[in-house]
Novice: 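One structure follows; several queries about it will come next.
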2 protein chains.
Amino acid sequence: MQDGTFSPPGHLEETDVAAISTRGDVFAADCPTRRLLDRIGDKWSVLILLLLGGGDLRFSELKRRIRGVSQKMLSQTLRALERDGLVHRRVEPTVPVTVIYSVTPLGGELLGALRLMIDWAETRMPEVAAAQGRYDQRINLSHSAPHAPN
Amino acid sequence: MQDGTFSPPGHLEETDVAAISTRGDVFAADCPTRRLLDRIGDKWSVLILLLLGGGDLRFSELKRRIRGVSQKMLSQTLRALERDGLVHRRVEPTVPVTVIYSVTPLGGELLGALRLMIDWAETRMPEVAAAQGRYDQRINLSHSAPHAPN
DNA sequence: CAGCATCCATGACGATACTG
DNA sequence: CAGTATCGTCATGGATGCTG
């Protein structure tokens, strides 16, 4: 999702990485995992999917609800999601036009998987924050007392 | 995860977005979801977690298996994962040193959630690719025949 | 209302060189 | 072996202005 245009394939170096998980080849040849992350790993995709998961919304509604998103990024991200078949765009021929965005069945599937990750984030981020605190503490200590702890 | 240093809090605009999913507030105040995505949405974190999920590995092993990663990014990403408490770093005092990376219990939890998403990617990415093809087709058609379809 | 086009700042990432 | 430091590049994404 670069600025404006779409990248056809994108570069991807060979990651050998065979037989990682309990199943067969996890990303093997062209690594679908990386492809997916390139898509939904951006700043707004998951937020939009999540929001649309709660019901269809219009462009301006989305813009209002996801405060902080520029309409450039909203538009751009929606287009990418539409292109990927995760979000459907329906144009109501009113005047001025009304555009309704909804999650496709395919997008709904992904959303289901994402929600597990999101739930984990909700419950476990405090522990992550705590771990960060401990880490930074250790770093600071080892920096302020490099040789003699006096 | 910027270049070298760590960002303390990072800017985040208020996303109102209350009561999206079936549960309570999904990202509300400081949006743990975005925090998580900022962490694992990068180019290598998930790959590393996945790889370590298959067993503990040394730095050079990781570097070998994830072909395409620079040792700067590998080191940087591992440090971020360690700081977040998702990966553990154990130093074997041999000579020269041996460093073993492993997934922590917390990281293992996340990995479980991630695998669902990864499995979805593995099985559904072909459909995403197909959707992309259809979309691009539509675009090209509407560009080459703007007014009169002859 | 629902966008697209353009400009520009930041920062993610890769390449390279050096270290305990 | 397992890193750190520095530099350059290019993409991500915000701000602004215009359109059907």
Side-chain angles (χ1 to χ4, degrees), chain A residues 1-8 10-13 34 37-45 47-48 56-82 87 89-101 139 142-143 146-147, chain B residues 1-8 10-13 34 37-45 47-48 56-82 87 89-101 139 142-143 146-147:
Chain A
M1 203 184 308
Q2 54 295 64
D3 214 328
T5 79
F6 292 114
S7 63
H11 64 116
L12 55 128
E13 296 79 20
R34 281 237 49 82
L37 285 170
D38 282 349
R39 286 294 167 195
I40 64 155
D42 65 16
K43 210 169 177 180
W44 306 110
S45 292
L47 243 36
I48 291 174
D56 302 1
L57 289 172
R58 302 173 52 178
F59 187 87
S60 50
E61 259 304 284
L62 280 165
K63 176 113 175 49
R64 256 187 2 91
R65 304 278 284 267
I66 311 178
R67 207 176 319 244
V69 71
S70 60
Q71 96 278 53
K72 172 193 165 183
M73 287 318 296
L74 182 55
S75 163
Q76 197 172 299
T77 307
L78 281 169
R79 197 97 29 71
L81 290 172
E82 185 195 359
V87 156
R89 186 188 124 116
R90 176 167 37 108
V91 179
E92 217 72 36
T94 57
V95 49
V97 296
T98 305
V99 181
I100 315 256
Y101 289 94
I139 296 304
S142 60
H143 270 223
H147 10 75
Chain B
M1 205 185 309
Q2 55 291 67
D3 214 328
T5 80
F6 292 114
S7 63
H11 64 117
L12 55 128
E13 296 80 19
R34 281 237 49 82
L37 286 171
D38 281 350
R39 285 294 167 196
I40 65 156
D42 65 16
K43 210 169 176 181
W44 306 110
S45 291
L47 242 36
I48 291 174
D56 302 2
L57 290 172
R58 304 173 49 179
F59 187 88
S60 49
E61 260 304 285
L62 280 165
K63 176 114 176 47
R64 256 188 1 93
R65 304 277 285 267
I66 311 178
R67 207 176 320 245
V69 71
S70 61
Q71 95 279 46
K72 173 192 162 182
M73 286 319 295
L74 181 55
S75 164
Q76 197 172 298
T77 306
L78 281 169
R79 196 95 32 70
L81 290 172
E82 186 195 359
V87 156
R89 185 188 123 115
R90 176 166 38 106
V91 180
E92 218 72 36
T94 57
V95 50
V97 296
T98 304
V99 181
I100 316 257
Y101 289 94
I139 296 304
S142 59
H143 271 224
H147 10 73

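Predicted model, so just to flag it, every value in this text is computed and none were measured. Order of the sequence lines sets the chain letters (A, B, ...), proteins ahead of strands, with each chain counted from 1.
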Novice: Between V69(B) and M73(B), what is the shortest heavy-atom contact and its length?
Specialist: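 The pair with the smallest heavy-atom distance is CG2-CB, 4.0 Å.
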Novice: Does R89(B) make a side-chain N or O approach to OP1 or OP2 of dA2(D) shorter than 4.0 Å?
Specialist: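 Answer is no, no contact under 4.0 Å.
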Novice: Would you say dG3(D) has OP1 or OP2 under 4.0 Å from some side-chain N or O of Y101(B)?
Specialist: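 For dG3(D), OP1 or OP2 has a side-chain N or O of Y101(B) closer than 4.0 Å.
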Novice: Distance check needed: dG3(D) C1' versus I100(B) CD1, whole Å only.
Specialist: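 From I100(B) CD1 to dG3(D) C1': 15 Å.
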Novice: Can you figure out which of dG3(D), dG14(C), dG3(C) approaches the side chain of S70(B) most closely?
Specialist: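 Shortest atom-to-atom distance from the side chain points to dG14(C).
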Novice: Nearest heavy atom decides the nucleotide; on that basis, is T98(B) or V69(A) closer to the 5' end of DNA chain D?
Specialist: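 Comparing both residues, the 5'-ward one is T98(B).
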Novice: Rounded to the Å, how far apart are L37(B) CG and dT12(D) C1'?
Specialist: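 Spelled out: CG on L37(B) to C1' on dT12(D) is 15 Å.
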Novice: Whole angstrom is fine here: how far is it from NZ in K43(A) over to C1' in dG11(C)?
Specialist: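 Atom-to-atom, K43(A) to dG11(C), this comes out as 11 Å.
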Novice: Do any side-chain nitrogens or oxygens of R58(A) fall under 4.0 Å of OP1 or OP2 in dA2(C)?
Specialist: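 Affirmative; the distance criterion is met.
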Novice: Do we see a donor-acceptor contact under 3.5 Å between the side chains of S75(B) and R79(B)?
Specialist: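 Distance-only check passes for S75(B) and R79(B).
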Novice: Using a cut-off of less than 4.0 Å, is there contact between a side-chain N or O of K63(A) and OP1 or OP2 of dG3(C)?
Specialist: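 For dG3(C), neither OP1 nor OP2 has a side-chain N or O of K63(A) closer than 4.0 Å.
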Novice: Does K72(A) place a side-chain N or O at less than 4.0 Å from the phosphate oxygens OP1/OP2 of dT6(C)?
Specialist: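 For K72(A), the contact criterion (side-chain N or O under 4.0 Å from OP1 or OP2 of dT6(C)) is not met.
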Novice: Please report the distance, rounded to the nearest Å, between CD1 in I66(A) and P in dG14(D).
Specialist: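 Nearest whole value for this atom pair: 12 Å.
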Novice: Take atom CZ of R90(A) and atom P of dG3(C), then tell me their distance rounded to the nearest Å.
Specialist: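 It works out to 13 Å between those atoms.
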Novice: Identify the residue among R64(A), R58(A), K63(A) that makes a side chain to side chain donor-acceptor pair (under 3.5 Å) with E61(A).
Specialist: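 When side chain to side chain donor-acceptor pair (under 3.5 Å) is applied between E61(A) and each of R64(A), R58(A), K63(A), only R64(A) qualifies.
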Novice: Applying the side chain to side chain contact (heavy atoms under 4.5 Å, CB included) criterion to L74(B), which one of F59(B), W44(B), Y101(B) satisfies it?
Specialist: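 The side chain to side chain contact (heavy atoms under 4.5 Å, CB included) with L74(B) is passed solely by F59(B) among F59(B), W44(B), Y101(B).
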Novice: In whole angstroms, how far is the C1' atom of dG3(D) from the CZ atom of R79(B)?
Specialist: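 R79(B) atom CZ is separated from dG3(D) atom C1' by 8 Å.
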Novice: Between R34(A) and K43(B) (side chain of the first, backbone of the second, donor and acceptor by atom type, cut-off under 3.5 Å), is there such a pair?
Specialist: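 Pair found, side chain donor or acceptor close to backbone of K43(B).
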Novice: If the cut-off is 4.0 Å, is S75(B) near the phosphate of dG3(D), judged by side-chain N/O to OP1 or OP2?
Specialist: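 Indeed not, no polar side-chain atom of S75(B) lies that close.
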Novice: Q71(A) has an atom CD; how far is it from atom P of dG17(D), in whole Å?
Specialist: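 Distance, rounded to whole Å: 12 Å.
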Novice: Rounded to the nearest Å, what distance is computed from the CE atom of residue M73(A) to the P atom of nucleotide dG3(C)?
Specialist: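 Spelled out: CE on M73(A) to P on dG3(C) is 15 Å.
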